[in-house]
Amino acid sequence: MRTAREYVNPVIENLPPSGIRRFFDLVANTKGVISLGVGEPDFVTPWHIREACFYGLERGYTMYTSNFGMPELRKEISSFVEKNYEVAYEPLEETLVTVGASEAVDLAMRALLVAGEEVLVPEPCYVSYAPTVTMAGGIPIQVPTYVEDDFQLTSKALEAKVTDKTKLLVLCYPNNPTGAIMARDELLEIARFVEKHDLLVLADEIYADMTYEGKHQCFAALPGMRDRTILINGFSKNYAMTGWRIGYACGHAEFIAQMTKIHQYTILCAPIMGQMAALEALKNGQSEKERMLIEYDQRRRFVVGRFNQIGLHCFTPRGAFYAFPSIKATGLTSEEFCEKLLKEEQVAVVPGNAFGTSGEGFIRVSYASSMANLTAALDRIEAFVQRYKG
Amino acid sequence: MCLTEKKRILEILQKDCRLSIEQIALMLGLESKQVEKAIQELEEERVILKYAALINWEKIEDEVVTAMIDVKVVPQRDVGFDQVAERIYRYPEVKSLCLMSGGYDLSVLIEGKSMKQVALFVAEKLAVLEHVQSTATHFVLKKYKSDGVIFEDQAEDHRLKVSP
Ligand SMILES: Cc1ncc(COP(=O)(O)O)c(C=O)c1O
């Protein structure tokens, strides 16, 4: 017998281990840590949503649903999307309920990509896009964005990377990890680029409902973009429902049908308990969502203000719940900064390069944490920075 | 400063009045001076009445007795319930007092060291007040939630320490 590793598919073996995973192990072995490294809300799922799940179980909702997801939920998703993002999808043919936005990303990559096709992935970005492209046989192409441009994606940056093999562009705004959002005019420029090169777009808009200073612009709602876009969203962030694992994809019926084929053979359907809860969230969850947003906004201003006071320049995030300050003033690399901060001050933040090479020189700080934690953590960071800034 | 901003300051203080003026200013994108001035005004207008901690006394004291007393009152010409209410709320034993709609008129919350002490207060002070028609005393057996705070809730963070 060969060694176990030799049996493993080299494509999988060669996937880089997540930078976050490595850091997670470090943090797990440190005592008394205040963690601002968490990519999920600190709120528990609102009570009425949890309760809807109990009642559903009581009434015996414990079975498979349609592969696409419960029709009632898809209808509710479709009208929510139309009302809030101004783009209409046929609930029964153009909407698919998935196991988190994560599954929807994977399905889209697998349904669309042919071996060797290229995908433009603007960075810094969420960690899943490049690996899912690779696993689907595609080639991820990094497109760096810069703090000098407020982390906006430009058609110029895209033109530099597009080739005749390019098929798909990934857009994630509001962005994890930078908190950047993109306004209509800037997105129109991207839409023209997409049309010019006849591309498709995977728009991961999971933070769409979490914007401050300005409303979210849905990419699919731009002229001509609806049928070129797979719109991905979910319940994890906006309704504080990460553990329920419910997301969705909307798009042209043909794309959704092909994605559903994979979903039906590999997943069958998203868990019914989560779907019942998601339905309740859409029907009655707006006020709790807004209440959480007001709190995030206060923490956002506090955190950004404190970083700028401390002397670490912090770009003003306008969406999601992350701040992405520059740590260049300390002369440390992102990883050095995070490791030393953890060791010396017991505060965990995520090195920016975990989100792509253009994230080097930054750290991701999640403000999904109580004011008490944020206050204490920023005081510790201040002490730390004073030692290193010299 | 506009009313919405003042309301935001109040909401923040109501949740945690130990936050500093600087912290509140950062949270709302205001100048410290503005926040300081607004708070001062709110105190002067008696919108903010005091800064207090919410305490679970049951953990510290062997016996704390709380009772809610429904009081029926004959309202008085010109002053309605206000005069009787004043006679009641002046007692330091009375922690809160509200005028109610429905089956009775005043709801009195009383705290004492023992059931006997509370009962005697009702019998000797409340029930005998002029215009008080009747009283019904309900003793609190257990407090689950007060001012929006669940007493037994462990505010534990179950999240992974780091996630993407
Ligand atoms: C940009 C982005 N997309 C997708 C996800 C995954 O979401 P879900 O829980 O719906 O799978 C996350 C979670 O961190 C994210 O930040």
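Chain letters run A, B, ... following the sequence lines, proteins first, then strands; residues in each count from 1. Keep in mind it's a predicted model, so treat the numbers as computed, not measured.
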Evaluate the side-chain proximity of A/N176 to A/R364: yes if any heavy-atom separation is below 4.5 Å, no if none is.
-> yes
Under 4.0 Å between a Lys/Arg side-chain N and an Asp/Glu carboxylate O for A/E288 and A/R291?
-> yes
Can B/K7 and B/E11 be counted as an ion pair, charged N to O under 4.0 angstrom?
-> no
Charged N to carboxylate O below 4.0 Å: is that the case for B/E93 and B/K125?
-> no
A/R299 and A/E295 ion-paired at < 4.0 Å | yes
So which part of A/R306 gets closer than 4.5 Å to some heavy atom of chain B, the side chain, the backbone, both or neither?
-> both
Heaviest contributor of heavy-atom pairs below 4.5 Å to chain B, chosen from A/R21, A/R300, A/Q309, A/E40, is A/E40
Chain B interface, residue from A/I294, A/V44, A/V33, A/V127 that has the most non-hydrogen pairs under 4.5 Å | A/I294
Which bit of A/L36 comes within less than 4.5 Å of chain B, counting heavy atoms only: side chain, backbone, both or neither?
-> neither
Is it the backbone or the side chain of B/I12 that comes under 4.5 Å from a heavy atom of chain A, or both, or neither?
-> side chain
For chain B, which of A/G37, A/A354, A/A28 has the most heavy-atom pairs under 4.5 Å?
-> A/G37
Contact origin within A/V27 toward chain B - heavy atom pairs under 4.5 Å = side chain
Checking heavy atoms, do the side chain of A/Y126, its backbone, both or neither come under 4.5 Å from chain B?
-> side chain
Does a side chain donor of either A/T375 or B/Q23 reach within less than 3.5 Å of an acceptor in the other side chain?
-> yes
Part of A/D42 lying under 4.5 Å from any heavy atom of chain B = both
Pick whichever of B/K161, B/R18, B/E22, B/K15 has the most heavy-atom pairs under 4.5 Å with chain A.
-> B/K161
SB check B/E31 B/K37 (cutoff 4.0 Å) | no
